[in-house]
Every structure is written in C-alpha cells, then in structure tokens.
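Take a look at the structure set out below.
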Protein chains: 2
Amino acid sequence: MSEALRTAAILVIGNEILTGRTRDANLPFLAAELNRLGVRVREGRILPDEIDTIVEALNACRARYDHVFTTGGIGPTHDDVTAEAVARAFGVRLVRHPEAERRLRAWYPPEKINEARLKMADVPEGAELIDNPVSVAPGFRIGNVFVLAGIPEVARAMFETIRPQLEGGPPLLSRTLRVLAPEGDVAAPLAEVQARHAEVEIGSYPFYRFGQVGTHLVVRGRDPARIEAVMRELEEMCRARGISCERVDGEGGEA
Amino acid sequence: MSEALRTAAILVIGNEILTGRTRDANLPFLAAELNRLGVRVREGRILPDEIDTIVEALNACRARYDHVFTTGGIGPTHDDVTAEAVARAFGVRLVRHPEAERRLRAWYPPEKINEARLKMADVPEGAELIDNPVSVAPGFRIGNVFVLAGIPEVARAMFETIRPQLEGGPPLLSRTLRVLAPEGDVAAPLAEVQARHAEVEIGSYPFYRFGQVGTHLVVRGRDPARIEAVMRELEEMCRARGISCERVDGEGGEA
C-alpha cells in the first residue's frame, strides 16, 4: 500500500469496555468511516479511565500517526478524565471554553447548571470545539487529536461534524471473493498472488455457514484497475483447482 | 482497588478489525471472563497483521502485565503472522511442534496436508500447546503470553482449556444501581462517595431508553461487604435528593 496514505489510531477510553460490561461500538464505526475517507487505521487501543495510561498512549500515537481519535471520558462525573489527560499529554492547561460554557448554559435550565456539568466546558488550552448536535456538550480537537464522546449516537454525530476536515484523500477500495474451499487449500497460490502484487493487500478470512467451510479473500488498495487485475488472478487460481468462487461485494463483503 | 490483583492485556490481531470489516467479539468475551476470574484487564490493543507492530506491542504488554492474551493470525495463510511475531518478541526460533503436527496429520486427509496447513504447527521454541477442541490446529502459551485463534468459537474453546491455569484469584465483584436522573445531577455527591471509598471503583454510565435519561452506577471491588456499604450510601444519596433508584444486577447490570 502506498506510503502517502494518511494514518490514524483510535483510542477507546472506559473501564466499562475492559470489564466486558459494555461492548464498544465506536471503534468499528470510526474504522469503517475512516477507511472510506482514505485514512488507514493502524492501531486501536482500549484504555482505562486513568490519566497516566491515557497520556502515555496519546503521546505514543499522536507522534506516530496523522490523526488520533478518542472516544469516551468527557462527561460530568469523576471517572471522566479524558480532557485532563489530553491537556497533560500536550503540556497545556485545562481551561473553561467560553463558547462551550455558553452552549451548556443555553441548553440546561438554570437550576440544572452545576460545577460538574460545567466541567464539560473544560478543554485543553488552544483546543477547538467539535459540535455535539445531540446533547450539546462538545468534543474538541487539539493538534492532530480529535476527542469524541463515548455514547455511540453522540460520537457519530460529532464525527459527521468533523468529516469535512478529513476528506480529500483517495479512498481505500476493496473487493471480496467468496471461495468455497478452506483457507489451507489455497494458501500457497494465494501467497504467490500477494507476492506478485505488493501494491494491494490480500486478506484471507475463513467462514463457516450453512454447513459450508469457505474463505473470503479481500483485496484492498487504491487503484481499481489493479484490484480488478488481482481479482481475476484469484478467480483463475480457483478455476485452475476446480474450486467454486463468486464475487460478493455488497452482501457482507466490506473492506 | 488492591495492588494484589492480577492484570492482563488483550491483543486483537487482524487488519479486518481495523478496516471495520469484522466486528471483534473476542475482547468482550475475554474481558468478561477474565474479570470473573479476578484478572483485571488493563488494556486492549487492536493490531494489524504486521510483525514489527505486533512485536512492539507484545514486548510492551508482557513486561507490564501478568498475562497477555492474543487472538487472531494463527491460520495457514500469508497474512497469519502472529506465531512468528511472538517468536521474535521472545527472541527464540519458530519450530515445528511434533505433537501439533501429529494432530494436524490425524485430522486432515493425507491429500489435504500441505506446507501451508503444517505452518499451523509452528510455534516459538519452548511454547506449550493450547488445545483446540473445535478445529484441531492449536494455540500456544509461552511465558505469560497466551496465543488464541481469531475465530470466536475457537478462541472460546481454547480459553476453556486454559481456564484452570488462570483460576485462583479472588474474583472481581460488581453491583449496579440504576438511577433515574442524568449523570450531571449526581456527579458531585457521587465523587464524594468515591473519595471516601478508594477500595472500590465507581463507574458512571448514562443511558437513554424508554424515553428516560438515567445513569447506571457500577460499584466494583473484591469485598462484598464494602461494595454493599457503598451501594447503601449511593441509595441514600439518591433518596436525599428525591431521585428514584433501583438495584438491577442480573438484568443487564454486569460489571
């Protein structure tokens, strides 16, 4: 794959994911959307609500990747520590953002405004707000780090507001071939096809369904003509071995 | 929480998770099971099928935590690189394990045995096999690293075979209080309860359902009596503010 592709890491923050209480929906959503925008997700991390751990992961990832996305930990309670961790990672103060405070005061009735809720207006100095069309309390961006909410509906709405900042790269494309044979039957010729085409990446994923054992071969890249050429080689590889195959894009054959 | 608790990291390996093609089911499963066994999952990482990246994450995590669990990347195809990465991380050779080879040769008809399938018998020198009651090709353990398959049914079956090696710690317990008020209404008194009880960890998770906005407060710890005392303080906190609450363990109120 080309080195010009933009890269990203996704940090999912919250003890509830690490205890198994809550099943994360944000990483799958962000991963799929970023790939569509031509941003390659290189790594995901699931982190506890602990400032030092978050700071360390943030600093490792923001130095290494073009973008870092975090979800979770920006609510009003004591276990919401993401904003403070981001401020520490950047070595700046946490400050109350006047526009964020204005939005919170306009949204909540006066008797509901308290210091805990106003904490949601605290952002690292220099951060820009990310709009929250669902429940007002904003996310923020500082440098190459985008800080989103943990509630999936809110994370998605926030992502839509930053999507225009992320567009412009050539999208990552993929095509899927369903092969009616187990992986081990085609592993050797498959490796040869991959070796001849370093410009695409071929993933091999076994499946077991309707009593059948088979393999989905996923060809990923940026040049549709090269992907098509590789798909034809894979179809020919199957034909030569008497193995049935069919293209299945559009029916569960995502990237 | 006590420092005597055993800790773990979970590494989920596979490009298909990072493109959003496949939704990981192994981390939630392992996280929940490990918590039940009294092993605290401190971190999860989602990694691409790239040896250098996996080696770096393995070495960071195996030095830091009592156990490391990996899932994915131990099949027969070119994109299955986990065993080689683990060998490099430990600085040992990858060797063909005679018992693993025997099992594969006993399982597949002779004409189906090929070098790609036998690759599934290659493990880091010194590793012990982890049985695979579903599809034979084993996982393995070396040092504090447990290497499991990516297919959820196989990962679960392998985990059952190693469960006895992990038992013995005091389990992590949790109780959940459903509070019929948004987080921001109780954040301040909640922080006071947490500050008085450092021996438990209180998580606060908003919910929106049946048209209601509310908060699940989850009290986690190892001492049932202390958890009960904190639950009573939280109930009293609600009562004093005229807020309804109820215990919901057993109905979606997991750890």
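None of these values were measured; they are calculated from a predicted model. Chain A is the first sequence line, chain B the second, and so forth, proteins listed ahead of strands; every chain is numbered from 1.
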What is the minimum heavy-atom distance between B:Pro76 and A:Ala187, and which atoms define it?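 Looks like O-CB, 3.5 Å.
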Full working for side-chain contact (heavy atoms from CB on, under 4.5 Å) between B:Val218 and A:Glu16: CA-CA 9 Å; B:Val218 179; A:Glu16 71 277 22; over 6 Å; no
Less than 4.0 Å between a side-chain N and a carboxylate O, is that true for A:Glu56 and B:Arg64?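 So B:Arg64 pairs with A:Glu56 through a salt bridge.
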Option that, when pairs with chain B are counted at under 4.5 Å, heavy atom only, ranks first among [options]:
{"options": "A:Leu47, A:Ile151, A:Ile17, A:Leu11", "result": "A:Ile151"}
{"options": "A:Asn114, A:Ile113, A:Val12, A:Asp185", "result": "A:Asp185"}
{"options": "A:Glu115, A:Met120, A:Glu50", "result": "A:Glu50"}
{"options": "A:Leu18, A:Ile10, A:Asp79", "result": "A:Leu18"}
{"options": "A:Glu43, A:Lys119, A:Arg117, A:Lys112", "result": "A:Arg117"}

Can you tell me which portion of [X] sits under 4.5 Å from chain B's heavy atoms? Options are side chain, backbone, both or neither.
{"X": "A:Ala57", "answer": "neither"}
{"X": "A:Pro182", "answer": "both"}
{"X": "A:Leu27", "answer": "side chain"}
{"X": "A:Tyr208", "answer": "side chain"}
{"X": "A:Glu33", "answer": "neither"}
{"X": "A:Gln194", "answer": "side chain"}

For chain A, which candidate among B:Gly184, B:Ala188, B:Ala116, B:Ala31 shows the most heavy-atom pairs at distances under 4.5 Å?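 The option with the most such pairs is B:Gly184.
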Name the member of B:Leu30, B:Thr53, B:Ile202 that forms the most heavy-atom pairs with chain A at distances under 4.5 Å. B:Ile202
Does some side-chain heavy atom of A:Thr19 sit less than 4.5 Å from a side-chain heavy atom of B:Ser174?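 No, their side chains stay 4.5 Å or more apart.
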Given side chains that start at C-beta, do those of B:Ile46 and A:Arg45 come closer than 4.5 Å, heavy atoms only?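 No, side chains not in contact.
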Side chain B:His78, main chain A:Glu192, donor-acceptor under 3.5 Å: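 Not confirmed, B:His78 side chain does not pair with A:Glu192 backbone.
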To the closest 0.5 Å, what do you measure between [atom1] ([X]) and [atom2] ([Y])?
{"X": "B:Arg21", "Y": "A:Tyr205", "atom1": "CZ", "atom2": "OH", "answer": "6.5 Å"}
{"X": "B:Thr22", "Y": "A:His216", "atom1": "OG1", "atom2": "NE2", "answer": "10.0 Å"}
{"X": "A:Arg42", "Y": "B:Asn15", "atom1": "CZ", "atom2": "CG", "answer": "8.5 Å"}

